[in-house]
**Student:** 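Shown below is the structure under consideration.
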2 protein chains.
Amino acid sequence: MKGIRQLANYLDISIGTVSRALNGKADVNEETRRRVLEAATRLGYVANQSGRSLRKGSTGVIGFMMQTGPEITGQGDTFFMSVFDGVQTVLARHKLDLVALLCSSDQDPDAYLQRVVARGFADAVILSATRLHDARFELLARHNIPFITLGRSQTDVGQPWIDLDFEGMAEVAIERLVKSGHQHIGLIWPNGDLNLGHLFVHRSQEVLARHNLSLSPEHIFRATPSETGGYGVARQIMDCETRPTAVVLVNETLVTGLYRGLEEVGLMPGKDIAIIGRQSPQAQFLKPSLTCFSLSLRDLGISLAEGLLSVMPEYKLHYPDAVKRLVWPMDLIEGESS
Amino acid sequence: MKGIRQLANYLDISIGTVSRALNGKADVNEETRRRVLEAATRLGYVANQSGRSLRKGSTGVIGFMMQTGPEITGQGDTFFMSVFDGVQTVLARHKLDLVALLCSSDQDPDAYLQRVVARGFADAVILSATRLHDARFELLARHNIPFITLGRSQTDVGQPWIDLDFEGMAEVAIERLVKSGHQHIGLIWPNGDLNLGHLFVHRSQEVLARHNLSLSPEHIFRATPSETGGYGVARQIMDCETRPTAVVLVNETLVTGLYRGLEEVGLMPGKDIAIIGRQSPQAQFLKPSLTCFSLSLRDLGISLAEGLLSVMPEYKLHYPDAVKRLVWPMDLIEGESS
DNA sequence: CATACTACCGTAAACGTTTACGGAAAATCG
DNA sequence: CGATTTTCCGTAAACGTTTACGGTAGTATG
């Protein structure tokens, strides 16, 4: 005999009343509620998760799916931790818990998610690292699980999303480089099939076209989204038939390796080659300071949580005017690298 | 009527048999088992998490507790991602799932964990960022939850732990610096009450004492474990009455900021000041290459998982000779910074 | 052929909650 | 003072599983 029954016995009242008291239901005497609450905290009683969610049909946990392994999406621990922190502050207000669903690098993400939702592990999920076509969207839609994605996709099932403004980034960066006379601009496109890469490259091409410039295929550098990947790009740059005079990268992690690689081949960022990237804690102290796009990750997390809640039936009333889809703006920070 | 009952109806057999078939129990005809399995995968049936764990008393999930927020514990950017990946590969063999329990920066870690265990959310947990005294240990011991810690603590309830060999690191680094003539050696001690800082500083002092040297209080530099924190240390170094000729840091993230800060005050790592640190993806491409200690994070994760399983009643038989406590060795990689 | 065993399967009870329902006492009203 | 409402609480049924138990065939054994 454990759990609520024990507590009820101890207080000599029925388990029904105890449950009602703890859950803040109306029809329970204030005095008894006080007693119950007091006893619960003193004995350290917390309702069992399984029993509760079995009965209620919901678990009270929100899952943030992410793939583990060193080279994921080019986002590291700090990126997600900052976003998480924002998400948490909103969810905590509704007594919801955030957990990270960790899909290992040797599991199929789609199958993993399938298992998670079928088990009824989480009430709603947040997806990141969205691919150009992403079967996970359809899976969740089919199972009627509320979700929001950090990133867009060609696949669209009407769910809310928030995505960094990679197109705006391309727009500003390329425009700026062209204005200052660059004719041969290179792009670093992280390996994988992430949607953001497509958006970024495509828009860049458009902007170039407006200026009667074109993006040479040899100036699209593909690399694994890691420091090492960036290092490798330097060599690729040297091997070009006509060397680009500027490079834009959509990824945070690549840049430190790139700087080092360039230096080794005798190209000085900001002098011999212009570089524009994304802000990150590591990029913050690069030597010719990086011209980069910045954003508040915590705020991003907050919006993400609000967007998610706005599609959850039990909570949507609290967020009547939450925007469903949001292209998250980034600010350009002037640096010496461009 | 959903779940297993539906599946049983569909197959026209009892739910008991279906459950037995799915769980690989012995007394079920191979032919019916095949039918059940086939139907289950085809209809996408997976046992409901709540129902299952309510009945079984265990959830099949392992929690890795970590605190969110931008400044984690000073681990490198892909530190946890790599460790997770290792943990997963082991857990997957036992059909256990790993989730990250995210404690936000404005929650009390002890209270958070209390809630998690009382709810019966996870069968076992992994703790990181262990403090000098850590109440979480006692909490888990009291509730009889199997756990392992990544990091030691003064608090010891007999649980297994794995910890990086910070003492060995101090030993090798200090010894090496003294041998090459350094008399004034500084230490960077990350803010907070993490156990590793104490171990590191204490052992360093011992080694210095062996050589009749002492650690001047002004040479213990405290800083927030982040790039910015490292940057600030440079100024601290300049403000010293007698400037240290070498600095050892136990932390991965600080070093990039430190390099930049030193450069600004005109100190060249490896020439004007020796630096020894920890390897990380970001530190990998520093300009005077960093002399650092390295380890395989994935292997660390694997050992962590094995250590945990060895104290879980249902699994311990599979890991009879898992070492309970392990000081994880690190290799010194020669760089130009020392 | 009677008996004992085996192989398989159905039944039903549990796991710890929440909540609809009903009922007793107290309070209010006419 | 009877009738009606309100306030509070106990009862019991669900939620979806797993598993101990028992039972019915079929098969082997003597």
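Quick note: numbers below take in every heavy atom, side chains included, and nothing from hydrogens, waters or symmetry partners. We name chains A, B, ... by the order of the sequence lines, and we start the count at 1 in each one.
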**Student:** Name the nucleic acid region contacted by B:I15, choosing base, sugar-phosphate or nothing; use a 4.0 angstrom heavy-atom cut-off, strictly under.
**Tutor:** base

**Student:** At 4.0 Å (heavy atoms only), tell me whether B:G16 reaches a base, stays on the sugar-phosphate, or touches nothing.
**Tutor:** base

**Student:** If you check the B:I4 side chain, which of D:dC15, D:dG10, D:dT18 turns out closest?
**Tutor:** D:dT18

**Student:** Between A:R131 and A:D193, does any NZ, NE, NH1 or NH2 come within less than 4.0 Å of an OD or OE carboxylate oxygen?
**Tutor:** no

**Student:** Consider the side chain of B:A47, meaning its heavy atoms from C-beta on, and name the nucleotide among C:dT18, D:dT18, C:dC9 that approaches it most closely.
**Tutor:** D:dT18

**Student:** Take the protein atom CG of A:N9 and the nucleotide atom P of C:dT17, then report the distance between them rounded to whole Å.
**Tutor:** 13 Å

**Student:** Mind checking A:S19 for me? I need base, sugar-phosphate or nothing, with any heavy atom below 4.0 Å counting as a touch.
**Tutor:** base

**Student:** Of the nucleotides D:dC9, C:dC9, D:dT17, which one has an atom closest to the side chain of B:Y45?
**Tutor:** D:dT17

**Student:** Looking at A:T17, I'd like to know whether one of its side-chain N or O atoms comes within less than 4.0 Å of OP1 or OP2 on D:dC9.
**Tutor:** no

**Student:** Under a 4.0 Å threshold between the charged nitrogen and the carboxylate oxygen, would A:R42 count as salt-bridged to A:E38?
**Tutor:** yes

**Student:** When you get a sec, tell me which of C:dC8, D:dT11, D:dA13 is the closest nucleotide to the side chain of A:S14?
**Tutor:** D:dT11

**Student:** When the ring planes of B:H94 and B:H318 are compared, do they come out parallel, tilted or perpendicular, using 30° and 60° as the limits?
**Tutor:** tilted

**Student:** Report the nucleotide, chosen from C:dT18, C:dC8, D:dG16, that has the shortest atom-to-atom distance to any side-chain atom of B:D27.
**Tutor:** C:dC8

**Student:** Below 4.0 angstrom from OP1 or OP2 of D:dT18, is there any side-chain N or O of B:R52?
**Tutor:** yes

**Student:** Can you figure out which of C:dC8, C:dG16, C:dA13 approaches the side chain of B:N29 most closely?
**Tutor:** C:dC8

**Student:** For A:T32, report the nucleic acid contact type (base, sugar-phosphate, nothing); a contact means any heavy atom under 4.0 Å.
**Tutor:** sugar-phosphate

**Student:** A:K25 side chain N/O closer than 4.0 Å to the phosphate oxygens (OP1, OP2) of C:dT19?
**Tutor:** yes

**Student:** Looking only at non-hydrogen atoms, find the nearest pair between B:P160 and B:K324 and report the distance.
**Tutor:** CB-O, 3.0 Å

